[in-house]
Amino acid sequence: MKRIAIDMDDVLADAEGRFFELAKLRYGLDINPIDLHDKTWAQAANVPHEEIWAWLFEEDFFRKMKVKPHSQEVVKKLSNKYEIFIVSAAVEFPQSMKEKLDWLHEFFPFIDWKYVVFCGHKYMIKADYLIDDHQKNLATFTGKPILYSAYHNKNVKGYTRVEDWKEVEKLLL
Ligand SMILES: [Mg+2]
């Protein structure tokens, strides 16, 4: 079986949606997704970096992310044909690891814990495909990199890009 490594934030979990939700709740801001092109969340919200950074250490920040449409059914189908690993750079945010495990258990109960990798760097990950929203992770990947579209990466070029999970299905199944 070929192996697919799948990122979590902005691939399986709607991290940008969580940012929009909290920007509205805490600052009353309606962020236009276009404002995220080539910008950090702090730049898009026009608040100090440290304020947004602190969100990532808050209880429930990761746990309450919504699951991306069709990701559950497509990952399930992929798991019949490929070996699936979830690979998330979660170690920087220690409390996120428990929340991410709980989140995976809720939304992807068919993925065994032995197939979940929490890391920092991803350059040592060996797989045939990596589906990720960050160029920094795809650039060093030795298999076939697949860029999962997010508002922040709209201007990234040079990768096979998928807009949603239906496109992943078409590409890999
Ligand atoms: Mg990500």
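Heads up: numbering here begins at 1 and tracks the sequence. All heavy atoms count here, side chains included; hydrogens, waters and symmetry mates do not. Whatever order the structure lists ligands and atoms in, that order sets their numbers, starting from 1.
- When the shell of 6.0 Å around NE2 of His49 is examined, it contains more than 12 heavy atoms from other residues, nucleotides or ligands.
- Of the candidates Glu51, Glu21, Glu58, Arg26 forms a salt bridge (charged side-chain N to carboxylate O under 4.0 Å, His left out) with just one, namely Glu58.
- For the Mg ion (ligand 1), the tally of protein N/O/S atoms lying closer than 2.8 Å stands at 3.
- Evaluation of the side chain to side chain donor-acceptor pair (under 3.5 Å) rule for Glu83 yields Arg3 as partners, not counting sequence neighbours.
- The ring-ring contact (aromatic ring centres under 6.0 Å, His included) check on Trp103 picks up Phe107, Phe108, with sequence neighbours excluded.
- Using modelled atom types, one finds a donor on one side chain and an acceptor on the other under 3.5 Å when comparing Lys144 with Thr160.
- Tyr115 is linked by a ring-ring contact (aromatic ring centres under 6.0 Å, His included) to Phe85, counting only residues two or more places apart in sequence or in another chain.
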